[in-house]
Amino acid sequence: MPRALPARVLLVAVALAVASALPAQEPLPQPAPTPPSEPSPTPPTSGFAEAPERASDPQQRDFIAPPENFIVDPGYLLDPPRRVKLEAHLEGHRRETGIRVYLAAYPSLRDESPSTRAVRLQSGWVQNGLGGVLVYGADTRRFGVAVSRATSETLPPGSLQGVLERSERNLKSSKNVALVLREATMDLEYELRSALRENQRKRNRTAPLRIAVIVVLAAGFLVGITFLIHQLRVQNLFGRSHRFVRRPDPPSRYGGLRSGGICAVIRFGEKTEG
Amino acid sequence: MGAVPRYGIHVTDSTEAILTTADLRSIEARSIQFGHQFPQSRFSVFFTALLPGRSVKEYAFWLFNSCSFTSFDSKLNNNFALLLVIDMQSRSACLMIGYGLEHYLSEADLARLAGTLEPAFSRTHYAAGVRACIHATANLLKARLTQRESPRTTAQGIHASAL
């Protein structure tokens, strides 16, 4: 019996330690096949669908945390292998170009249009960076796309409309929603990447011109400053110099424009000229 | 006379054997100081070794009119530059002025100024001789400019006292 007391104390202590180490929430269901975007109370990737309803602050109600893997798919419209591939592709694209492309596919958008949802998500996820959000509402079978302001400046007009039209056309012709979603995302990514590359090429093309303009302006500035200082000295504004008075020009002598040949010649040393 | 030689606006040693780097720097410093005293002017020094029989005076005239020794190219009465050409072959030196300085320096003045070269040059102290010449030229020009300003000052003074 004397040995049983320390064993009990030890058991209680371990139980308390385990209890304190666990998060103060209900245990999650077994995570076996659940993808990270499944709606659940824990952020960051899976809480976006529940967050608006749960947030009490009206300003925070609209905020949805950006998914870490660039894809939000609470209705499992994408099959897991394709989803994993697409996530890897988007992550690689982000690393390569810095452009973040998100796909958000919802079974229902309730009263919101895909475009409105896309704009709202984009303002929270991409903000001032390069990238965009493609939203799909399964109930209306419509797409919405929104890109950040920095991205829209590089995009040619009508390119986003083209993405939407192609995606919806594909949706009509194909029954494989997962494939269409993947194609639409890749299409948006391609448009953004092409626009960025074209923008970079244009900037590179004008770089020599810009450098030349800067060099010319700098040279002009330096010459101007030098001339100004020289004139200030000539006018003896610093009070340290002397100024010659210019007289009317004489006719040049012996064709000399700078000197008329007024001079003095001396010989020095032992050696003398004949 | 051939092609225009490579020259600097302050000092040039085309023989590359007469002046040391320190000499060049000391002459250049004095020339720059001269330029600060007289911003419209420039005292340029050119060491050379002409072919035998060549006149240093003709060479100086050609060089003066072929090259622009002032920062801003000035011609006729706008040219207040001085050029000192020293020919080591004939051991002679020529001090020449631009049109603008003809109202301030006469040939006699120039002969006197060129004479300041001789004591140092006879001891082969070329840099010291050139510096002495620049110094004497600056002093003479300063005196001349002060003289030209003084009658006006005197007249003003008389006018003031008469009032």
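Note that these values count all heavy atoms, side chains included, but never hydrogens, waters or copies made by symmetry. Residue numbers begin at 1 in each chain, while the letters A, B, ... track the order of the sequences.
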> Got a sec, which residues hit side-chain contact (heavy atoms from CB on, under 4.5 Å) with B:Asp13, two or more places apart in sequence or on another chain?
Replying inline: B:Thr15, B:Ile18, B:Leu19, B:Leu24, B:Phe47
> Between B:Glu28 and B:Arg25, does a salt bridge (Lys or Arg N to Asp or Glu O under 4.0 Å) hold up when you go through it step by step?
Replying inline: CA-CA 5 Å; B:Glu28 188 178 357; B:Arg25 283 193 183 154; over 6 Å; no
> A:His89 and A:Glu189: side-chain hydrogen bond (donor to acceptor under 3.5 Å, both in side chains), yes or no, with the steps?
Replying inline: CA-CA 10 Å; A:His89 179 79; A:Glu189 180 238 300; 2.4 Å; yes
Counting heavy-atom pairs under 4.5 Å with chain A, which one of [options] comes out on top?
options                               : result
B:Lys57, B:Glu102, B:Arg112, B:Lys142 : B:Glu102
B:Phe61, B:Tyr99, B:Phe64             : B:Tyr99
B:Leu101, B:Thr124, B:Leu82, B:Leu117 : B:Leu101
B:Ala93, B:Gly35, B:Ala114, B:Ala111  : B:Ala93
B:His36, B:Arg123, B:Gln40            : B:Gln40

>> Taking side chain as everything from C-beta outward and backbone as N, CA, C, O, which of these in B:Leu83 sits under 4.5 Å from a heavy atom of chain A? Side chain, backbone, both or neither.
In response: neither
>> Tell me whether A:Glu96 is salt-bridged to A:Arg193, with the criterion being a basic N under 4.0 Å from an acidic carboxylate O.
In response: yes
>> Once side chain to side chain donor-acceptor pair (under 3.5 Å) is applied, what residue pairs with a partner in residues 126-141 of chain B remain, sequence neighbours excluded?
In response: B:Ser26-B:Arg131, B:Arg30-B:His135, B:Arg91-B:Tyr126, B:His135-B:Asn139
>> Which heavy atom of A:Val163 sits nearest to which heavy atom of A:Glu191, and what is that distance?
In response: CG2-CG, 3.5 Å
>> Quick check on the interface: out of A:Ser259, A:Ala264, A:Cys263, who has the most heavy-atom pairs with chain B under 4.5 Å?
In response: A:Ser259
